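Take a look at the structure below.
The structure displayed is predicted, hence computed values, not measured ones.
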Amino acid sequence: MKEKALCVTLDSGDQVSAVLSLPEDASFDTGIAIAHGAANDMHHPLLEAFALGMAGKNAACLRFNFPYREKQKKSIDPEHRLIHTWTRALDCLRKETGCRYTIAAGKSLGARTAAQAAATGQIRPEGLIFLGYPLHAPGKKNRLRDAPLYGISIPMLFFEGTRDPFCDMDQFEKVFSKITAPKSLTTIEKADHGFGLPKADPTPAAAVHKKIIETAAQWLAGQQFS
């Protein structure tokens, strides 16, 4: 497996860092762009493990930073700038790999903005992978961020932790049942928003990451993209 450091250039002229993980087999036809959550960046352990794991499953993976994290700021970029970064990251993935199919994968903020961009046609991947979709802010279960999910027509794969304060599972199951696009859900028991388990649970993080990777690879293998 080979990794390559890249820069994604935005229309403003700004650049954000990215890392491309390439499969050993050069015959791959699928690429996955991976966006981080609000309080972390592309080096989050879950995203690194996911990128390397999926590259090992014959999918090229490009993880990238949003501009505010590139500049080490805490204030999140406006949605239009986040979505623009998504579009350029997918462009970069296609240009660097020549992949035929693309998947947009995101953790939390990265997942929500990917959903919004896909629902409005600003990105056109063949599928979406949500590594913890933030259905609501903690303690605000009555203010759901579900609207984009109903406007998406491509296949979606959700991973949700049952102990995630950003996603009440009772609420999510109601939302999930109303989504009309092809969808699949994998829950990680006792996992929090970053898929961490309670200290009393002896399961290592690597085992959780492996389950996510194996499930995503099986889901990807079962898709028939046109």
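Taking H136 as the reference, nothing meets the side-chain hydrogen bond (donor to acceptor under 3.5 Å, both in side chains) condition, with sequence neighbours excluded. Every side-chain hydrogen bond (donor to acceptor under 3.5 Å, both in side chains) that E70 has, sequence neighbours left out, goes to S17, N65. Residues passing the salt bridge (charged side-chain N to carboxylate O under 4.0 Å, His left out) test with D29: none are found, sequence neighbours excluded. Partners of D91 by side chain to side chain contact (heavy atoms under 4.5 Å, CB included), not counting sequence neighbours, listed by chain and number: R88, R94. Under the rule for a side-chain hydrogen bond (donor to acceptor under 3.5 Å, both in side chains), the partners of H43 that lie at least two apart in sequence or sit in another chain are E48. With sequence neighbours excluded, no residue forms a side-chain hydrogen bond (donor to acceptor under 3.5 Å, both in side chains) with D192. With sequence neighbours excluded, no residue satisfies salt bridge (charged side-chain N to carboxylate O under 4.0 Å, His left out) with K73. Under the side chain to side chain contact (heavy atoms under 4.5 Å, CB included) criterion, P23 pairs with F28, N58, A60, not counting sequence neighbours. Take T215 and apply the side chain to side chain contact (heavy atoms under 4.5 Å, CB included) test, not counting sequence neighbours, and it matches F159, T186, K211.
Within the structure, every pair that satisfies the ring pair (Phe, Tyr, Trp, His ring centres under 6.0 Å) test and touches residues 185-210, not counting sequence neighbours, is listed here: F166-H193.
The hydrophobic cluster containing V19, built from Ile/Leu/Val/Met/Phe/Trp/Tyr side-chain heavy atoms closer than 4.5 Å, also comprises M42.
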Donor-acceptor contacts, no H, no angles, side chain residues 139-150, under 3.5 Å, sequence neighbours left out:
unit_1: K141; atom_1: NZ; unit_2: D168; atom_2: OD1; d: 3.3
unit_1: D146; atom_1: OD2; unit_2: Y150; atom_2: OH; d: 2.8

